[in-house]
Amino acid sequence: MKKYKKWATGGVAVSIIGILAGCGNANNTTGGTAPAPTNTSNQTVTNTATNTVTNSTANPTTNSVSNTTTDTNTTPAVDTQTPGNQTGTWKTYTNGRFGFTVEYPSTWQMGPHPNDSDGRWFTTPSGVKSFDNGYGSGVAKSDVMLLGVGTVNAVIGSGMGYDFKQMVAAFKKNLPNERKQQGFVSESYSVVPNKWIVDTLVTKVGHGGVQYSVTYTSLGTNQTITMTFPESKSDVYLPIWNYVSKKFQPGNKPG
């Protein structure tokens, strides 16, 4: 199992780790010019916070979740206009354990299958000099990273006896601590009643890196899309992030 970096999910520190072993479903999708990430499903609560920070290095952690659910191969590449009017092709990955889907550039390399089937990571074909993404072993530190991953919500979810209202209250209570973390840049969230907390977070990581993430937290699961790239190349990679985060679809499986 590969190790990945620690970050905040649903207002609580969660380990993002190695990614999949196996089988699931994949669906053909078409692309399009991507606007900035938006959440449109009856959101009733929004909040934003920002802060100026220095770079930090995230520590790799592990996850003990074990699951035999596996994934199928991704779909064939689909022609589309990528952000920035660059012609490109995309593939779709669907996670068999949690049911979420991720679109990713067809030229990017897919990471190996971990045993717990919690997600997948994708990297650029070649690294970026003078950039350290802050990830642990198994990933070249110069690679731009795209990661889709799910975890069981064992901290503020139904397993702790919380209902949705209590989960939201616990999430909000933890926000001040989350926003004090090293590298914090900005955060915003919305609440889809009785379904999701949708948390968008930006942090500085590694050396010269910035990480964008969106996490969908339900009473049962946390499902996250995250991308880490050189801040100096935001004009190249931010449009890609805007596209994949907009196309990300959380699943409804219990994990």
Side-chain angles (χ1 to χ4, degrees), residues 1-26 39 41 58-72 93-102 111-122 135-136 138 145-175 177-178 181 187 189-201 211 213-226 245 248-255:
M1 177 184 297
K2 302 297 181 181
K3 296 181 180 179
Y4 301 99
K5 66 190 305 179
K6 181 180 180 182
W7 75 327
T9 297
V12 227
V14 173
S15 298
I16 288 191
I17 45 172
I19 289 155
L20 307 187
C23 92
N25 298 313
N39 300 307
S41 302
N59 296 321
T61 58
T62 60
N63 186 328
S64 59
V65 175
S66 178
N67 195 292
T68 57
T69 303
T70 53
D71 303 292
T72 58
Y93 160 74
T94 299
N95 179 264
R97 178 178 171 187
F98 293 92
F100 62 80
T101 61
V102 179
H113 298 258
N115 292 329
D116 57 7
S117 304
D118 58 355
R120 268 297 178 92
W121 54 258
F122 311 90
Y135 279 76
M145 295 286 301
L146 172 64
L147 172 66
V149 67
T151 60
V152 174
N153 184 0
V155 180
I156 57 174
S158 57
M160 297 295 290
Y162 289 177
D163 59 22
F164 190 85
K165 183 177 179 180
Q166 291 169 325
M167 181 183 74
V168 173
F171 169 83
K172 291 179 180 179
K173 183 178 180 179
N174 189 65
L175 283 175
N177 293 328
E178 183 172 313
Q181 68 178 304
E187 181 180 37
Y189 71 90
S190 62
V191 176
V192 182
N194 297 314
K195 190 172 183 179
W196 304 107
I197 301 171
V198 185
D199 188 37
T200 301
L201 183 66
Q211 182 180 91
S213 68
V214 178
T215 298
Y216 290 75
T217 297
S218 69
L219 282 168
T221 66
N222 306 292
Q223 299 178 51
T224 300
I225 183 79
T226 182
S245 61
F248 179 73
Q249 294 292 324
N252 58 7
K253 295 185 177 182

Problem set entry | Exam field: side chain Ser218 to backbone Gly220, donor-acceptor pair closer than 3.5 Å |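 Checked: pair present.
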Problem set entry | Check: Thr226 main-chain N/O paired with Gln211 side-chain donor or acceptor under 3.5 Å |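 No.
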So which atom in [X] and which in [Y] form the shortest heavy-atom distance, rounded to 0.1 Å?
{"X": "Leu175", "Y": "Tyr189", "answer": "CD1-CE2, 3.4 Å"}
{"X": "Val102", "Y": "Phe122", "answer": "CG1-CE1, 4.4 Å"}
{"X": "Ile156", "Y": "Ala170", "answer": "CG2-CB, 3.7 Å"}
{"X": "Trp196", "Y": "Gln223", "answer": "CH2-NE2, 3.6 Å"}
{"X": "Asn222", "Y": "Asn153", "answer": "ND2-CA, 3.6 Å"}

For this session: Look at atom CG of Asn177 and say whether more than 12 heavy atoms of other residues, nucleotides or ligands are closer to it than 6.0 Å.
Result: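 Atom CG in Asn177 is packed in, count exceeds 12.
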Exercise. Hey, are Thr215 and Asp199 close enough side-chain-wise for a donor-acceptor pair under 3.5 Å?
Worked result: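 No, no side-chain donor-acceptor pair sits under 3.5 Å.
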With a 4.5 Å heavy-atom cut-off, do [X] and [Y] have their side chains touching?
{"X": "Thr217", "Y": "Thr224", "answer": "no"}
{"X": "Val198", "Y": "Val214", "answer": "yes"}
{"X": "Gln181", "Y": "Leu201", "answer": "yes"}
{"X": "Asp116", "Y": "Arg97", "answer": "yes"}
{"X": "Phe171", "Y": "Val191", "answer": "no"}

Exercise. Between Leu146 and Ile225, does a side-chain contact (heavy atoms from CB on, under 4.5 Å) hold up when you go through it step by step?
Worked result: CA-CA 8 Å; Leu146 172 64; Ile225 183 79; 3.7 Å; yes
Exercise. side-chain contact (heavy atoms from CB on, under 4.5 Å) with Val168: which of Lys165, Gln166, Lys172?
Worked result: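 Of Lys165, Gln166, Lys172, side-chain contact (heavy atoms from CB on, under 4.5 Å) with Val168 is met by Lys172 alone.
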Exercise. In Å and rounded to the nearest 0.5 Å, what is the CG to OH distance from Leu219 to Tyr162?
Worked result: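 Between Leu219 CG and Tyr162 OH, I get 11.5 Å after rounding to 0.5 Å.
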Problem set entry | For Phe248, ring pair (Phe, Tyr, Trp, His ring centres under 6.0 Å) partners two or more places apart |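 Expected list: Phe100, Tyr216.
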